[in-house]
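As structure tokens, the structure follows; a few thoughts come after it.
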Amino acid sequence: MGEQGGKRAAKFQGPKGTRDFYPADMVRRRYIEQAWRTVSIRHGFEEIEGPTFEAADLYAVKSGEAILGELFQAFSGKSPEEVEQVRATGRAPYALRPEFTPTLARMYADRAASLPRPTKWFAIPIHYRAERPQRGRLREFLQWNADVIGDESPQADAEVIAVAVGLFTELGLSGRHITVRLSNRDLVSELLLENGVGEGNVGRALTLLDRRDRMAAEEFTRACGEIGLNAAALAERLGSIQSEMNSALAAMENGEAMPAIARRSPGIEQLKGLLAALDAQGILKWCEFDFSIVRGLAYYTGTVFEITAAGERAVAGGGRYDRLIESFGGPPTPAVGFGMGDVVLSLVLEEHGLMPEGERLAECLGTRPDAFVVSAGDESCDAAVAPLVAELRRAGLHARRSYKATKKIDKLLKDAAACWARFAVILDESWSAGRVQVKDLTDGTQHTIPRAQLAPWIAQRRAGLAV
RNA sequence: GCGAUCGUAGCUCAGUUGGUUAGAGCACCUGGUUGUGGUCCAGGGGGUCGGGGGUUCGAGUCCCCUCGAUCGCCCCA
């Protein structure tokens, strides 16, 4: 911009951390979205969607500082008061959504009285976070969310984990590639209280544990001192309970009954319930306990989990948020859910050669043309291409044509093969007698078909019926 | 927001100690090899070397700034 007239226009680049989806990229995105949608529906979830921006206050307290620092802010610019507010406070009235759970909780709270229990919803929203892009992290991304609302039982926790596992299975991933790491905030909180932390400092302590690996040892020690936490004792207790729980998990995976657990507490009861429910879902082999996971978002309660793949960031993360809906003005409503981003998932699929391409991808997405019409004859054949394509489309077929000027059949067929068409319709000398050549590009056979029977012939043959 | 590396056609890259009109392969378009699907051959379109400034007789090649990308930090999907 700012160039003199006559100079070439300035080129624009897409904003930092965003992606352009050309056709080859879009089909890969659709492949993932289709798997998300198919598996969600298979597990009995119903699709919802909300606004891409919300009142900034929606995120203010519930999400925690971590997300607040990454908010993309938005305002209409229509009123002087609004502009002045942004200028004075640096805070806009709206924010592009950085996550979906607050929107979901708001939507549920609005109609809670008329919604069934449990309500099972999924969404495939686009999200925005103003962080520095890097491997597996962009500023604009898709995130699949699946939530069970109104069911406090561990069966609900297991059900959302099961739909995530179902997705991995659908895409060809297994427990060799993927691990579901389970934890429980109530259990960790109990142990914090038993190891020196006062009632009012539990939240702070959880945040501290969440960052433990990322801070200097002496800094961690000092922070522990401030809240009275005996970190060594806590680590020892958590570690021994963790290995006990993992042994129980392994035993159950071998078909044995759940072993007795030494400790008795509300947190342990939740974990035992979860273990039984995961067993009922048949997905124990994907899971393990990892009590170092507490998660950064402030609204989590009880069960929390992260799903990881070797060498990558977390593919998905989630947990219980039993008080969030109430805090948005709804009735007290337990809920559990997770989010899975498209960026890391794509990397994992690529890494294992599980992202299909070419014909297989076109087949999965239903984008293969049924007929590809080419003219290899005189002007009358050229003129017949457009009406013939239109006729096939009216018959409900996916019909395309070549736009090349050449009459070379090899090049025209190459054109047809490039889009994975099932049949090539060749207009040549026989067109003057009302017939076309149809080549089945799958098996190489060629047939002479009267024009009037072309569409039904292709439709039947596509359906696998004998002609 | 901080650090490191990088930035030449749509893609992958080559460009000699700075020196005349910036190259290749793939892709795209056209034509030929006289008519059937990732052969071969020929031709063509497309880049002011991310952008701006500076040093120099002269910079894609050196210096500064800026934008972007990649990989870490932070945080999380």
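Just so we're on the same page: letters track the sequence lines, and every chain starts at 1.
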ask   = Between Trp457(A) and Phe423(A), is the ring centre distance below 6.0 Å?
value =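 They qualify: ring centres under 6.0 Å apart.
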task = Please check if the distance between the ring centroids of Tyr321(A) and Tyr300(A) is under 6.0 Å.
result =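 They do not qualify: ring centres at least 6.0 Å apart.
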Please give the distance between the [atom1] atoms of [N] and [M] as a whole number of Å.
| N | M | atom1 | answer |
| --- | --- | --- | --- |
| G25(B) | G46(B) | C1' | 15 Å |
| A59(B) | U66(B) | P | 24 Å |
| G18(B) | G58(B) | C1' | 8 Å |
| C76(B) | G50(B) | P | 38 Å |
| G23(B) | U16(B) | P | 14 Å |
| G15(B) | A22(B) | C1' | 8 Å |
| C29(B) | G10(B) | C1' | 14 Å |
| U61(B) | G3(B) | P | 24 Å |

Identify which nucleotide among [options] has an atom closest to any side-chain atom of [X], counting heavy atoms from C-beta outward.
| X | options | answer |
| --- | --- | --- |
| Trp420(A) | C71(B), G38(B), G31(B) | G38(B) |
| Gln134(A) | G37(B), U33(B), C71(B) | C71(B) |
| Ile409(A) | C75(B), U36(B), A77(B) | U36(B) |
| Phe141(A) | A77(B), G31(B), U36(B) | A77(B) |
| Lys404(A) | U33(B), C74(B), U30(B) | U30(B) |

[N] pairs with which nucleotide, Watson-Crick or G-U wobble, both distances below 3.5 Å?
| N | answer |
| --- | --- |
| U36(B) | none |
| U70(B) | A4(B) |
| U30(B) | A42(B) |

Identify each donor-acceptor pair in which a side-chain atom of residues 18-28 of chain A lies under 3.5 Å from a protein atom, sequence neighbours left out, and give them as a table.
{"from": "Thr18(A)", "atom 1": "OG1", "to": "Pro15(A)", "atom 2": "O", "distance (Å)": "2.6"}
{"from": "Arg19(A)", "atom 1": "NH1", "to": "Asp342(A)", "atom 2": "OD2", "distance (Å)": "2.9"}
{"from": "Arg19(A)", "atom 1": "NH2", "to": "Asp342(A)", "atom 2": "OD1", "distance (Å)": "3.4"}
{"from": "Arg19(A)", "atom 1": "NH2", "to": "Asp342(A)", "atom 2": "OD2", "distance (Å)": "3.0"}
{"from": "Asp25(A)", "atom 1": "OD2", "to": "Tyr22(A)", "atom 2": "N", "distance (Å)": "2.9"}
{"from": "Arg28(A)", "atom 1": "NH2", "to": "Glu350(A)", "atom 2": "OE2", "distance (Å)": "2.1"}

At less than 3.5 Å, do the side-chain atoms of [X] and the base atoms of [N] form a donor-acceptor pair?
| X | N | answer |
| --- | --- | --- |
| Glu131(A) | A77(B) | yes |
| Lys439(A) | G37(B) | yes |
| Arg129(A) | A77(B) | yes |
| Arg137(A) | C76(B) | yes |
| Glu70(A) | G1(B) | no |

remark   = Between Ala314(A) and Gly14(A), whichever has its closest RNA chain B nucleotide further toward 5' is Gly14(A)
query = Between Leu142(A) and Ala130(A), who's closer to the 5' end of RNA chain B by nearest nucleotide?
reply = Ala130(A)
Using a cut-off of 4.0 Å on non-hydrogen atoms, how would the nucleic acid contact of [X] be classed: base, sugar-phosphate, or nothing?
| X | answer |
| --- | --- |
| Ala418(A) | nothing |
| Gly318(A) | nothing |
| Gly377(A) | nothing |
| Gln446(A) | base |
| Ile307(A) | nothing |
| Asp415(A) | nothing |
| Asp440(A) | base |

Report yes if at least one side-chain N or O of [X] is closer than 4.0 Å to OP1 or OP2 of [N]; otherwise report no.
| X | N | result |
| --- | --- | --- |
| Lys407(A) | G31(B) | no |
| Lys16(A) | A69(B) | no |
| Arg132(A) | A4(B) | no |

task = Examine the side chains of Gln143(A) and Asn145(A) and answer whether a donor and an acceptor come within less than 3.5 Å of each other.
result = yes
message = Between C1' on A77(B) and CD on Gln143(A), what's the gap in Å once rounded to a whole number?
response =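 Rounded to whole Å, this separation is 5 Å.
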ask   = Is it true that Lys407(A) and Asp382(A) make a salt bridge, defined as a side-chain N closer than 4.0 Å to a carboxylate O?
value =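 Salt bridge: yes.
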task = Could you tell me whether Glu391(A) and Arg451(A) have a side-chain N and a carboxylate O separated by less than 4.0 Å?
result = yes
inquiry  = Counting C-beta onward and ignoring hydrogens, is there a side-chain heavy-atom pair between Arg400(A) and Pro369(A) closer than 4.5 Å?
reply    = yes
message = Working to the nearest 0.5 angstrom, can you tell me the gap between Gln242(A) CD and Leu187(A) CG?
response = 10.0 Å
